[in-house]
Protein chains: 2
Amino acid sequence: MLPDQTLPREAADSRNGADAPRASTTRNGLKITTDRVNIREVAEQAKVSVATVSLVLNKSPRISRATSLRVQKTINDLGYQPNRLAQSLSGRYTYSFAILLPALRHAFADAYFGEIISGICDRAGKMGYKVILEQAKPQYIKDRKHVELFERRFVDGVLCAGFNDKHRFLADFGECKCPMVLVDNKVASMDHVVCDYRLGAEQALNAILQLGHRSVALIYAAPESQTARQVAEVYARKLADAGIPFDKALTEDGCFTDIGGAAAAEKLMKRRPDITAILANNDKMALGAIRYLQTSGRNVPKDVSIVGFDDLQHSAFANPSLTTVHLPLYEAGGLACERLLERVHGKIDRISENLPTHLVLRESTSLAPILSAAAESARQREPAPATPGSQRVGGHDDGNRG
Amino acid sequence: MLPDQTLPREAADSRNGADAPRASTTRNGLKITTDRVNIREVAEQAKVSVATVSLVLNKSPRISRATSLRVQKTINDLGYQPNRLAQSLSGRYTYSFAILLPALRHAFADAYFGEIISGICDRAGKMGYKVILEQAKPQYIKDRKHVELFERRFVDGVLCAGFNDKHRFLADFGECKCPMVLVDNKVASMDHVVCDYRLGAEQALNAILQLGHRSVALIYAAPESQTARQVAEVYARKLADAGIPFDKALTEDGCFTDIGGAAAAEKLMKRRPDITAILANNDKMALGAIRYLQTSGRNVPKDVSIVGFDDLQHSAFANPSLTTVHLPLYEAGGLACERLLERVHGKIDRISENLPTHLVLRESTSLAPILSAAAESARQREPAPATPGSQRVGGHDDGNRG
DNA sequence: CTGAAAGCGCTTACAG
DNA sequence: CTGAAAGCGCTTACAG
């Protein structure tokens, strides 16, 4: 009896050209052809019809156990693998999804997108799906390549990350009834799986206010992004709740980039040198702000505390390590993938998920300077650890998903 | 006359279910069906055979200009898009490549791989190829999914990044005659496109030695990697050339990670407190080393200079910004993609490319402390710029590719 | 429970 | 220069 996991055998010799007639030889008592084995050969060898092999392949309950086992054995013996082009051409599904990103330079090198992509790929792999990578460059959209993805049968669905209200082409998917889900973004009433930016902003501002900061700035980005607007809203509300009136001069656009974050921090500090804390809408802008503050002679966190959003892997290795709102981007990617498949199968017709965040307290935040000075005399100094420890705050892991 | 770039028209109404008989109506004088248009309908409308449409589609020179134009117009009018599953099933190519990465956690969030992936995707898009993402997890290899990529006709070729001599499964591609190219790695005699790590190491060590450093450490990684071995070789040779004997105690494995880099720096500095410069085999380890040095009370670069390899985007935004060997990873990905296509088409049967590097001088390097002290008195201080400037050294852009 | 046959939408010799 | 026909390798009603 053969072991359970018989590996497919490779017919290594290919003396015949691709167009030569299929030459079959008998070796080890098994029929082996020099070309790829197809379903017809399996059928012949197992003495059943091609239809039966197909049904076995697709685990149809209509096939008797005996027949199924016999066919299965033949499949293993011959090392048969169904041609997925033929499967998809005849069948309903391509078993592929596309990830569509904005037209940023070297977009796939961005750690934010990388987390989402990793989450999607891992989950897709487990579901038997392949993932292709696409970027929405202007010419791409003009040529309607995003719709072509479906029309030419490349994919069953698309996962979009990094888009906002301004990306009007997103509506094309809805018009074509093409399954599409936004990951970590909301646009109109489209399907989405997002991190809870409101909750994240609350967690960040609770920490900042608790540390005694009263002059708190916001480096925002892309007012076209619904999640970014939510952060701005919570920022205004939480300060108001603490008796601090909203001041537009304390907010600046950082364009989601490190350079933009540095530039925004510079404008803010020049306008309001009394700022003692800055909340940034992502880690890159937060790190850019730190960079500016340090090169302008300020100490982070003693002079100014910084809080970001994302919790990218290298944010823990910055100096100082970054206090930030952890966004479950990897999980959002995976969940979007799963829901998208259910959507493709018609099991659900609406995707709307909201994943909880938590704050990761690291070195870039401290007491407001005025409190810090008071506490200084009463406190002992401890050496900083080599590897930055992180403290998790406000985790809502009981799953308050919408 | 219709404009040149007529967009395909969508039959927006789908009152008929998917399985309803194909309903054709006439609107605007054009035949429009509620289902996807296929090649047969184009042929009927253009009053030619299906074969002719196919030949027009594939720009065969055997079709007369008049016929070609007429068919082309019908294609535009009907908004016909060939089903690529059918094209690939009948034809020779899938028009897809796979990117295969090692089984690291969240591998796609890694900026190093991200640069390579971006380079591949951009070039593949221009070549009309799609790119799918795969990860070589243990079970994946055990199930021979990497070979299945070809056997089940998912792809025409595979681009591998991040592997080394220990990844024995790479040989499977050669046995199956499956086109595969290694990006930024060499293994045995397999096809590859690499950055010139020898040149990079020379550029880094030239700079370090010129700054007067004599006690120079190396944080290496993966001796199974041929490129990493090359850096170690050049390190030993350049020091020897400068009259500094090789000392194993000055080298430590950093496992290619930031944590590993920090740990390696700690071991090195405890063993040899006199070290004034460290060369790390990648940026992550370099940034980890900086992190350790700073938290242990040392100043980078005044006490210890650090040089990395990669030039990742965020390395320019570290504090201090990182002096590093720029690896043309984006370009390597693109070139590998291009060569792989030539290999698939049988135009070449061997890929071996070597791309030049250059050093980017930033803030993490300075004169050796002893020289620095001497120079101190004679030098004026300048304030550091907000955005770190970079100085490019040793660029060999005249293309000395092997 | 299984088989014969039509069909998915293309490409590619082969004829003319 | 163009067409009729076979074929790529599957799936899916439809019969029995």
Side-chain angles (χ1 to χ4, degrees), chain A residues 17-22 33 35-72 74-75 78 80-95 148 150-154, chain B residues 17-22 33 35-72 74-75 78 80-95 148 150-154:
Chain A
D19 294 332
R22 195 170 223 131
T33 65
D35 217 344
R36 183 82 46 243
V37 177
N38 64 21
I39 198 171
R40 189 173 46 73
E41 295 175 77
V42 174
E44 282 171 13
Q45 186 108 348
K47 310 234 181 295
V48 293
S49 72
V50 161
T52 299
V53 177
S54 176
L55 292 171
V56 169
L57 233 37
N58 294 296
K59 306 201 195 313
S60 163
R62 289 159 40 199
I63 301 296
S64 73
R65 185 159 167 70
T67 307
S68 178
L69 287 175
R70 181 156 46 93
V71 172
Q72 201 66 61
T74 309
I75 287 173
L78 296 179
Y80 167 69
Q81 318 247 75
N83 179 318
R84 67 106 198 188
L85 293 169
Q87 284 183 314
S88 293
L89 181 60
S90 302
R92 263 176 86 79
Y93 305 112
T94 64
Y95 305 100
E148 201 177 276
F150 292 92
E151 293 176 339
R152 298 193 54 201
R153 299 220 56 202
F154 282 103
Chain B
D19 295 332
R22 194 170 225 134
T33 65
D35 218 347
R36 184 84 44 245
V37 178
N38 63 23
I39 199 172
R40 190 174 43 75
E41 295 175 76
V42 175
E44 283 171 14
Q45 187 107 347
K47 309 236 184 291
V48 292
S49 73
V50 163
T52 299
V53 177
S54 176
L55 292 171
V56 169
L57 233 38
N58 294 294
K59 307 202 194 310
S60 163
R62 290 160 38 199
I63 302 295
S64 73
R65 184 157 166 71
T67 307
S68 179
L69 285 175
R70 181 157 45 93
V71 172
Q72 202 65 60
T74 309
I75 287 173
L78 295 180
Y80 167 68
Q81 318 247 76
N83 179 318
R84 66 104 197 189
L85 293 168
Q87 285 184 313
S88 294
L89 181 60
S90 301
R92 262 175 84 81
Y93 306 112
T94 64
Y95 305 100
E148 201 177 275
F150 291 92
E151 293 177 338
R152 298 193 56 201
R153 300 221 53 203
F154 282 102

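Every chain is numbered from 1 and lettered A, B, ... according to where its sequence line falls, protein lines coming before strand lines.
The shortest distance between the side-chain N/O atoms of Ser54(A) and the OP1/OP2 oxygens of dC10(D) is not below 4.0 Å. Proximity of Asn83(A) to the phosphate of dG9(D): no side-chain N or O atom is located under 4.0 Å from OP1 or OP2. The side chain of Tyr80(A) contributes an N or O atom lying less than 4.0 Å from OP1 or OP2 of dC10(D).
Judged by distance alone, with hydrogens and angles left aside, the side-chain atoms of Thr94(A) form no donor-acceptor pair with the main-chain N or O of Arg153(A) at under 3.5 Å.
dC10(D) atom C1' lies 10 Å from atom CG of Asn58(A), rounded to whole Å. In this structure, the CG atom of Asn38(B) is 8 Å from the P atom of dC8(C), given to the nearest Å. For the pair Leu85(B) CG and dT11(C) P, the interatomic distance rounds to 12 Å; values are reported in whole Å. Per the geometry, CD belonging to Gln87(A) stands 16 Å off C1' belonging to dG7(C), to the nearest Å. Atom CD in Glu44(A) sits roughly 13 Å away from atom P in dC10(D) (whole-Å rounding). Here the C1' atom of nucleotide dG9(C) and the CZ atom of Arg84(B) are 13 Å apart, to the nearest Å. Taking atom CZ of residue Arg152(B) and atom P of nucleotide dC8(D), one finds them 19 Å apart after rounding to whole Å. Here the P atom of nucleotide dG9(D) and the CZ atom of Arg153(B) are 9 Å apart, to the nearest Å.
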Q: Apply side-chain contact (heavy atoms from CB on, under 4.5 Å) to Tyr93(A) and Ser88(A), showing your working.
A: CA-CA 6 Å; Tyr93(A) 305 112; Ser88(A) 293; over 6 Å; no
Q.
What verdict does the side-chain contact (heavy atoms from CB on, under 4.5 Å) test give for Gln45(A) and Glu41(A), after you've listed the backbone C-alpha separation in whole Å, the side-chain angles of each residue and the deciding distance to 0.1 Å?
A. CA-CA 6 Å; Gln45(A) 186 108 348; Glu41(A) 295 175 77; over 6 Å; no
Throw together a table of side-chain donor-acceptor distances under 3.5 angstrom for residues 50-63 of chain A, partners on residues two or more places apart or in other chains.
from	atom 1	to	atom 2	distance (Å)
Thr52(A)	OG1	Ser49(A)	OG	3.1
Asn58(A)	ND2	Ser54(A)	O	2.8
Ser60(A)	OG	Arg62(A)	N	3.1

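Residues satisfying the side chain to side chain donor-acceptor pair (under 3.5 Å) criterion with Thr74(A), sequence neighbours excluded, are absent altogether. Listed by chain and residue number, Thr67(A) satisfy the side chain to side chain donor-acceptor pair (under 3.5 Å) test with Ser64(A) (two or more places apart in sequence, or in another chain). With sequence neighbours excluded, no residue satisfies side chain to side chain contact (heavy atoms under 4.5 Å, CB included) with Ser90(A). Residues passing the side chain to side chain contact (heavy atoms under 4.5 Å, CB included) test with Arg152(B) are Gln81(A), Pro82(A), Arg84(A), Gln87(A), Glu148(B), Phe154(B), sequence neighbours excluded.
In terms of position along DNA chain D, the nucleotide closest to Pro61(B) lies nearer the 5' end than the nucleotide closest to the other residue of the pair Leu57(A) and Pro61(B).
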Q: Report the secondary structure of DNA chain C in dot-bracket form, marking unpaired bases with a dot and bases paired to a different strand with |, and treating Watson-Crick or G-U pairs with both distances under 3.5 Å as paired.
A: |||.||||||||.|||
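The side-chain heavy atoms of Val48(B) and Val71(B), taken from C-beta on, include a pair separated by under 4.5 Å.
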Between the protein and nucleotides 2-4 of chain D, which nitrogen or oxygen pairs are less than 3.5 angstrom apart?
from	atom 1	to	atom 2	distance (Å)
dT2(D)	OP1	Ser64(B)	OG	3.2
dT2(D)	OP1	Thr67(B)	OG1	2.2
dT2(D)	OP2	Ser64(B)	N	2.9
dT2(D)	OP2	Ser64(B)	OG	3.4
dT2(D)	OP2	Thr67(B)	OG1	3.3
dT2(D)	O4	Arg62(B)	NH2	3.3
dG3(D)	OP2	Ser49(B)	N	2.9
dG3(D)	OP2	Ser49(B)	OG	3.2
dG3(D)	OP2	Thr52(B)	OG1	2.6

